[in-house]
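The sequence lines fix the lettering, A, B, ..., with proteins before strands; numbering per chain opens at 1.
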Number of protein chains: 2
Amino acid sequence: MLVHLKNYLQAKLPLSEAQFDALAPLLLPRHLARQQVLVQQGEVGRYGAFVTQGCLRSYVVDKKGKEHVLQFAPENWWIADQYGLIHHEPALFSIDTLEESQVLLFGPDFYQQLPQLGPPLQTFFYELQQNSMQAMQKRLIATLSATAEERYLDFIRTYPSLAQRLPLRLIAAYLGITPESLSRIRKELAGHR
Amino acid sequence: MLVHLKNYLQAKLPLSEAQFDALAPLLLPRHLARQQVLVQQGEVGRYGAFVTQGCLRSYVVDKKGKEHVLQFAPENWWIADQYGLIHHEPALFSIDTLEESQVLLFGPDFYQQLPQLGPPLQTFFYELQQNSMQAMQKRLIATLSATAEERYLDFIRTYPSLAQRLPLRLIAAYLGITPESLSRIRKELAGHR
DNA sequence: CCATTTTCTTATCCTACATCAAGGCGCGGG
DNA sequence: CCCGCGCCTTGATGTAGGATAAGAAAATGG
């Protein structure tokens, strides 16, 4: 599965064999069944993941027991509680698999080793972080200012492959509405064609 | 006003005179009147700011003309559209002053020069960014899962000094509700004492 | 220091979405 | 084959917060 990561990286930046070989030992290939919990909200997590196959998500469970999905991570996405991992603090959210998946796990050492991996990789991960920050900002803005229907259309744009692949209750948990409401929104949208 | 920043930094990390002197030229002290726009949503911004006096905010205006506040920045806070600044891209949000303020402005060069400022400062700004990432995550989670009243209590905890200092419509724009609703919530809370 | 604008409150009515409840459909296991 | 069970839909009703309006209080600026 490491070869998958190599292809992914080489498509995005110039990367020598030596540089990739320095990165590889930090990553642990792993096969995960469906519904496996990788990080548990409130506990100190040990891993983040790069997804080569399948799909993961990060989510919180609120006091009323309701789930809220923060992020989906299908193929070629990174997912982690970066802050908790680096600072060895309890995670704000959980991470689990939605399907049988292939992942490359990394621990806190990954972030410590980053500076030694050379400028191209270091810059790449730095930008990755900035992108994720910006994505989060956009999401907050959308949550504050858009209707459920607009956010659903946004979701389809962000994760085109997932709209059909995931059960509707997960999409609803991402949008911050109930499955019933999403069902009605879909009906509404279907009618308008 | 640079001395203000120096005190702030020295309280947080070991910092030599030479290191501070390398940082100082990147910062432009500036006095701003109330309601001055520093960054305009949709335009390429030129500055971020460290606030030594007064208060700024970042916010978006949605298509219905409603304002949504992303962040407040009173004394000793940093505020910037980091992504847009670094990538010379149009800002996702605006930044303006809520009061007459003293700030230290910085441009895109600030981020370019960071690696040359030495480990303590570089690490500090790296962690600053992680904190802001985590704050954003917490905020997204709260927006998705908490009621307006809970978020108001959260706000008071996050910005104790601002609850009395800012007009209620700004707090409402931060919480994602109308001033009328916030007024009701306050009444409700006052009654329960 | 007055005129004007902004700010805050309160009341009434309205709407997007939640909650509760029931029924249909596809699907894997005995 | 049919039972049970997620999953999705649909309907009826409830509710948090929005929209609108109006008036009092406070801040701002000429």
Side-chain angles (χ1 to χ4, degrees), chain A residues 33-35 55 57 59 61-69 72 96-100 142-156 162-193, chain B residues 32-36 54-55 57 59 61-69 72 96-101 142-156 162-193:
Chain A
R34 200 161 156 273
Q35 305 225 30
C55 189
R57 65 158 174 176
Y59 66 103
V61 179
D62 69 23
K63 17 189 163 108
K64 285 162 226 138
K66 247 170 49 179
E67 289 183 1
H68 303 271
V69 173
F72 292 115
D96 69 4
T97 50
L98 300 176
E99 309 171 349
E100 190 176 0
T143 305
L144 288 171
S145 69
T147 64
E149 181 172 321
E150 290 168 323
R151 279 177 280 140
Y152 176 58
L153 294 172
D154 257 16
F155 165 81
I156 294 176
L162 296 186
Q164 20 279 325
R165 185 166 151 190
L166 297 179
L168 169 142
R169 51 165 274 273
L170 288 174
I171 300 175
Y174 175 88
L175 298 176
I177 58 177
T178 58
E180 291 93 331
S181 292
L182 180 51
S183 181
R184 278 185 274 252
I185 287 171
R186 276 185 165 173
K187 185 180 168 186
E188 183 63 17
L189 286 174
H192 280 302
R193 272 200 271 118
Chain B
L32 298 174
R34 197 159 157 273
Q35 305 226 26
Q36 291 245 325
C55 189
R57 65 160 174 175
Y59 65 103
V61 179
D62 69 22
K63 19 188 163 107
K64 285 162 225 139
K66 247 171 48 180
E67 289 183 1
H68 302 270
V69 174
F72 292 114
D96 69 4
T97 49
L98 300 175
E99 308 171 350
E100 191 176 358
S101 302
T143 304
L144 287 170
S145 69
T147 65
E149 182 171 322
E150 289 168 323
R151 278 177 280 141
Y152 176 58
L153 295 171
D154 255 17
F155 166 80
I156 293 176
L162 295 186
Q164 19 280 326
R165 184 166 151 192
L166 296 179
L168 169 143
R169 53 166 271 274
L170 287 174
I171 301 176
Y174 175 89
L175 299 176
I177 58 177
T178 59
E180 292 90 334
S181 292
L182 181 50
S183 185
R184 277 183 287 240
I185 287 171
R186 275 185 166 175
K187 185 180 171 185
E188 183 64 16
L189 287 174
H192 280 302
R193 270 199 272 119

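For B:Ser101 (side chain) and B:Glu99 (main-chain N/O), a donor-acceptor pair under 3.5 Å exists by modelled atom type. A:Arg151 places a side-chain N or O within donor-acceptor distance of the main-chain N or O of A:Leu175, the cut-off being under 3.5 Å.
Between the side chains of B:Tyr174 and B:Arg57, no donor-acceptor pair is found at a separation under 3.5 Å.
The distance between atom CD of B:Gln35 and atom C1' of D:dA27, rounded to the nearest whole Å, is 13 Å. In this structure, A:Glu180 places its CD atom 15 Å from P of D:dA12, rounding to the nearest Å. Separating the CG atom of B:Leu98 from the P atom of C:dT7 is a distance of 11 Å, rounded to the nearest angstrom. For the pair A:Leu144 CG and D:dG18 C1', the interatomic distance rounds to 15 Å; values are reported in whole Å. One atom, CG of A:Asp62, and another, P of C:dA18, lie 13 Å apart when rounded to the nearest Å. If you take CD of B:Glu150 and P of D:dA16, they are 12 Å apart, rounded to a whole angstrom. A:Leu189 has its CG atom 15 Å from the C1' atom of D:dT9, to the nearest Å. Distance A:Arg165 CZ to D:dC7 P: 16 Å, rounded to the nearest Å.
Side chain A:Arg169 to base D:dG6: no donor-acceptor pair is found below 3.5 Å. Judged by distance alone, with hydrogens and angles left aside, B:Arg184 brings no side-chain donor or acceptor close enough to the base of D:dT15 to form a pair under 3.5 Å.
Remark: A:Arg186 does not engage A:Glu149 in a salt bridge, criterion side-chain N to carboxylate O under 4.0 Å. Between B:Glu180 and B:Arg169 there is no salt bridge, since no side-chain nitrogen of the basic residue lies less than 4.0 Å from a carboxylate oxygen of the acidic one.
Using a 4.0 Å heavy-atom cutoff across all strands shown, A:Thr178 reaches at least one base atom of the nucleic acid.
Taking for each of A:Ser181 and B:Ile185 the nucleotide of DNA chain D with the nearest heavy atom, the 5'-most of the two is the partner of A:Ser181. With DNA chain C read from its 5' end, the first of the two nearest nucleotides for B:Arg34 and A:Ala146 is the one closest to B:Arg34.
Between A:Lys64 and the phosphate of C:dT19, there is no side-chain N or O to OP1/OP2 separation shorter than 4.0 Å. For the pair A:Ser183 and D:dC8, the criterion of a side-chain N or O lying under 4.0 Å from OP1 or OP2 is not met. Dashed line: the shortest gap from a side-chain N or O of B:Lys187 to OP1 or OP2 of C:dT9 is not under 4.0 Å.
Among C:dC8, D:dC8, C:dC17, the nucleotide with an atom closest to any side-chain atom of A:Pro167 is D:dC8. Listed nucleotides C:dT9, D:dG17, C:dC17 differ in distance to B:Leu168; the shortest reach to its side chain belongs to C:dT9.
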